[in-house]
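Have a look at the structure below before the remarks.
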Amino acid sequence: MENYRYSMGKRGMVASAHSLISSTGINILRNNGNAMDAAVSMALTAGVVLPDMCGIGGDTFLLYYDNSTKNVYSLNGSGPMGYEYTVEFYKNRGYNINPEHGILSISVPGSISALMEGLEKFGSKSFKECSKDAIFYASNGFPIGKKTSEYIEKRIETIKMSNALSKILLEEDGSPKKVHSIIKNKNLANTLELLSNNPKEYFYQNYSEVYVKELNKLGASFKFDDFKQYKAEWLEPISLEYKDYTVFQVPPVSQGIIHLETLNILSNFNLSKLETSSSEQIHLMVESKKLAFNDRIKFFGDPKFNQNPVNELLSKEYGELKSKLINQDKANNVSSIFEHQDKHTTSLVVVDEFGNACSLITSISDAFGSGIMDDVTGILWNNRIGTNANLVENHPNCVAPNKRTMNTLNTYIVLDKDNECRYVGNTPGGDSQPQWNTQMIVHLLDNKLTLLDAIRQPLWFDAQSSNPYNKLTENILNIENTVSRKVVDELVSKGHKVKLIDRCNSAIQLIEIKEDGTLCGATDFRAEGVAIGY
């Protein structure tokens with residue numbers, strides 16, 4: 001057993017996709033911090049040591065379980081488009097499809113507001129305390145991990161869009177920095193120092209005058225009010241009873257609705273009677289997921305602009321109705337099948353000695369986001385408009401002023417029938433997130449697997465995008481090659497077009513709280529993470 005992938009404890013547990021992120025979290029817990037303090041600290045460190053995935057130029061969603069009240073709270077830190085950003089705005093600049101990267105793919109980042117809202121409501125430490133590790137690594141440097149180095153090489157053209165980013169991630173001759181190279185981001189360290197005393201007001205008020213000018217010099221069309229009026233929102237989480245548990249997810253604009261609708265459809269089948277990772281079980285999950293993705297594409301958008309039928313889609317009647325559309329012997333064709341993209345995100349989970357839990361996910365959307373880092377702040381800006389919005393009039397995710405796109409980020413917490421927290425989990429992976437989250441719930445609750453055994457099952461993703469209006473491709477069911485030949489043959493016989501892959505680009509994080517209070521944490525062997533308990 002790879003010991004760093006699994007940990008046990010009684011007083012606290014963290015799991016993340018990077019050792020430095022996990023060490024930040026466990027140090028906070030050991031120094032009398034709670035789950036929110038640790039999660040915020042870990043998110044800030046992640047924004048430095050995983051520059052391809054996340055940062056304060058992106059979005060953050062979280063769920064928080066307050067053990068004193070037995071309630072789950074949901075925080076949406078997804079920022080809107082600028083007031084100038086309309087269909088005409090893009091078409092007047094020659095775009096029939098909104099650009100996936102570059103200066104016009106950036107939305108207002110919500111991460112700083114979300115992290116501060118979390119600390120103000122549930123935290124016990126200041127932002128200054130929580131940002132110490134992030135500032136240290138940005139200022140003094142850290143070694144690049146293997147996955148980050150691979151993405152620097154893969155996305156070198158995106159990186160070269162920005163001189164500031166190129167200076168950090170590329171050698172003087174323009175070649176990509178390799179694994180274990182030390183990188184620093186002094187400008188980001190300075191920005192975090194400036195924010196540390198009053199981050200929410202400073203980032204969205206005073207400091208916005210600096211970076212709005214910088215971004216607009218590069219061709220953006222932001223107004224100061226785009227940032228000054230933004231605030232992350234506490235919202236009612238959405239939930240679904242599944243087996244003897246309640247699974248909580250973040251509501252729209254998160255596409256956590258896909259995860260819960262998939263489970264709602266699956267609840268009409270007796271998955272526990274099927275062999276784990278059998279063709280029958282995989283087929284039912286894939287077919288349920290297809291139906292849920294189609295509903296998300298058709299119906300869901302920013303609730304300020306769109307009436308989202310959450311209750312209807314999560315009703316038992318709707319789940320039963322959809323389940324009847326599934327042929328257990330044949331793969332269904334769906335009306336819209338699109339190119340799958342992993343996107344670039346990181347997630348983390350925390351449980352503290354008080355029984356509180358946080359499930360947090362944060363992202364700049366695609367690998368290295370927009371590819372834009374201005375010359376002053378050290379902030380790498382997201383490309384959420386480029387990956388999740390479209391220019392299709394009357395579509396729920398058509399660009400519009402001050403509108404948030406539907407967001408791939410989603411994260412979950414599972415309570416038992418007594419409202420005790422039992423599982424905290426999530427994974428990055430763009431449109432694979434709800435698929436992999438579904439697989440973990442089925443393996444844990446239907447198949448009764450341990451955390452590590454659940455993670456070790458052959459993962460799959462069915463290539464179907466939640467934003468179908470930019471790229472089209474053939475539908476392929478991608479499955480890790482640890483699956484048996486028999487399962488592959490049976491899936492092919494049902495009509496699935498199967499592609500075997502070495503491994504999925506997941507980074508699953510899981511914590512289980514046992515009835516005696518023992519904490520078990522596990523992190524995905526496919527990533528470079530660490531689970532630490534004490």
Side-chain angles (χ1 to χ4, degrees), residues 43 53-63 74-82 85 98 100 105-115 117 230-235 237-238 248-261 292-293 295-306 308 310 338 340-347 359-367 369-370 381-390 395-400 402-412 426-437 464-470:
M53 295 187 179
C54 57
I56 62 173
D59 297 328
T60 296
F61 290 78
L62 66 84
L63 291 174
S74 173
L75 184 58
N76 174 347
S78 172
M81 307 173 212
Y85 290 69
N98 47 300
E100 190 169 0
S105 67
I106 302 170
S107 63
V108 174
S111 284
I112 284 291
S113 182
L115 299 180
E117 287 292 327
Y230 178 72
K231 183 180 179 181
E233 295 180 289
W234 289 102
L235 300 168
I238 56 177
F248 286 84
Q249 260 285 2
V250 280
V253 294
S254 161
Q255 61 182 33
I257 183 66
I258 296 177
H259 181 206
L260 295 191
E261 186 186 347
F293 260 77
D295 281 347
R296 178 262 186 253
I297 291 166
K298 289 186 291 186
F299 299 133
F300 285 89
D302 186 341
K304 293 178 180 177
F305 290 77
N306 191 67
N308 295 320
V310 173
F338 308 97
H340 170 87
Q341 295 185 21
D342 282 331
K343 301 295 183 271
H344 258 58
T345 302
T346 197
S347 63
S359 185
L360 182 149
I361 189 162
T362 182
S363 179
I364 51 174
S365 193
D366 206 353
S370 62
W381 300 91
N382 70 82
N383 65 322
R384 186 60 61 184
I385 295 176
T387 56
N388 286 93
N390 60 61
H395 187 272
N397 289 290
C398 181
V399 296
N402 201 34
K403 184 180 188 179
R404 297 167 300 174
T405 69
M406 278 295 284
N407 200 302
T408 55
L409 302 186
N410 66 101
T411 193
Y412 64 92
N426 50 39
T427 182
D431 288 313
S432 291
Q433 289 177 39
Q435 303 182 60
W436 294 333
N437 287 339
Q464 183 178 3
S465 171
S466 58
N467 183 14
Y469 294 99
N470 289 353

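Below, each value reflects all heavy atoms present in this structure, side chains not excepted, and no hydrogens, waters or symmetry copies.
- Atoms OG and CZ, on Ser363 and Arg384 in that order, are 5.0 Å from each other to the nearest 0.5 Å.
- In summary, the side chains of His395 and Asn390 do present a donor paired with an acceptor at a separation below 3.5 Å, with no hydrogens or angles considered.
- Between Pro252 and Leu235, the shortest heavy-atom contact is O-CD1, 4.4 Å.
- We find the NE2-CH2 distance between His259 and Trp436 to be 13.5 Å, quoted to the nearest 0.5 Å.
- Side-chain atoms of Ser113 come within 3.5 Å of backbone N or O of Ala232 as a donor-acceptor pair.
- Shown here are the side chain to side chain contact (heavy atoms under 4.5 Å, CB included) partners of Ser370, two or more places apart in sequence or in another chain: Ser105, Ile106, Ile372, Trp381, Asn383.
- Residues passing the ring pair (Phe, Tyr, Trp, His ring centres under 6.0 Å) test with Phe299: none are found, sequence neighbours excluded.
- Phe248 and Leu63 get closest at one heavy-atom pair: O-CD1, 3.5 Å.
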- Item | Pair Thr427-Asn437, side chain to side chain contact (heavy atoms under 4.5 Å, CB included): steps then yes or no | CA-CA 7 Å; Thr427 182; Asn437 287 339; 3.6 Å; yes

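- For Asp302, the side chain to side chain contact (heavy atoms under 4.5 Å, CB included) partners two or more places apart in sequence, or in a different chain, are Val253, Lys304, Phe305, Lys403, Arg404.
- When every heavy atom of Asp59 is checked against every heavy atom of Ser111, the shortest pair comes out as C-OG, 3.1 Å.
- Atom OH of Tyr412 sits about 11.5 Å away from atom CG of Leu260, to the nearest 0.5 Å.
- Between the side chain of Asn397 and the main chain of Asn407, no donor-acceptor pair closer than 3.5 Å is present.
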- Task: Check the pair Thr405, Asn388 against side chain to side chain donor-acceptor pair (under 3.5 Å), reporting the backbone distance first and the verdict last.
- Result: CA-CA 6 Å; Thr405 69; Asn388 286 93; 4.7 Å; no

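- Atom CD1 of residue Ile364 and atom OG1 of residue Thr346 lie 11.0 Å apart, to the nearest 0.5 angstrom.
- Here the side chains of Leu62 and Thr411 are not in contact, with every heavy-atom distance at 4.5 Å or above.
- In this structure, Met81 and Ala389 approach most closely via the heavy-atom pair CE-CB, 4.0 Å.
- In this structure, the side chains of Phe293 and Pro434 come closer than 4.5 Å at one or more pairs of heavy atoms.
- When every heavy atom of Gly386 is checked against every heavy atom of Asn98, the shortest pair comes out as CA-ND2, 3.8 Å.
- Here the OG1 atom belonging to Thr362 is positioned 10.0 Å from the CZ atom belonging to Phe61, to the nearest 0.5 angstrom.
- Atom CG of residue Leu360 and atom CG of residue Asn426 lie 8.0 Å apart, to the nearest 0.5 angstrom.
- A side-chain donor from one of Ser107 and Asn382 sits under 3.5 Å from a side-chain acceptor of the other.
- Between the side chain of Gln255 and the main chain of Leu409, no donor-acceptor pair closer than 3.5 Å is present.
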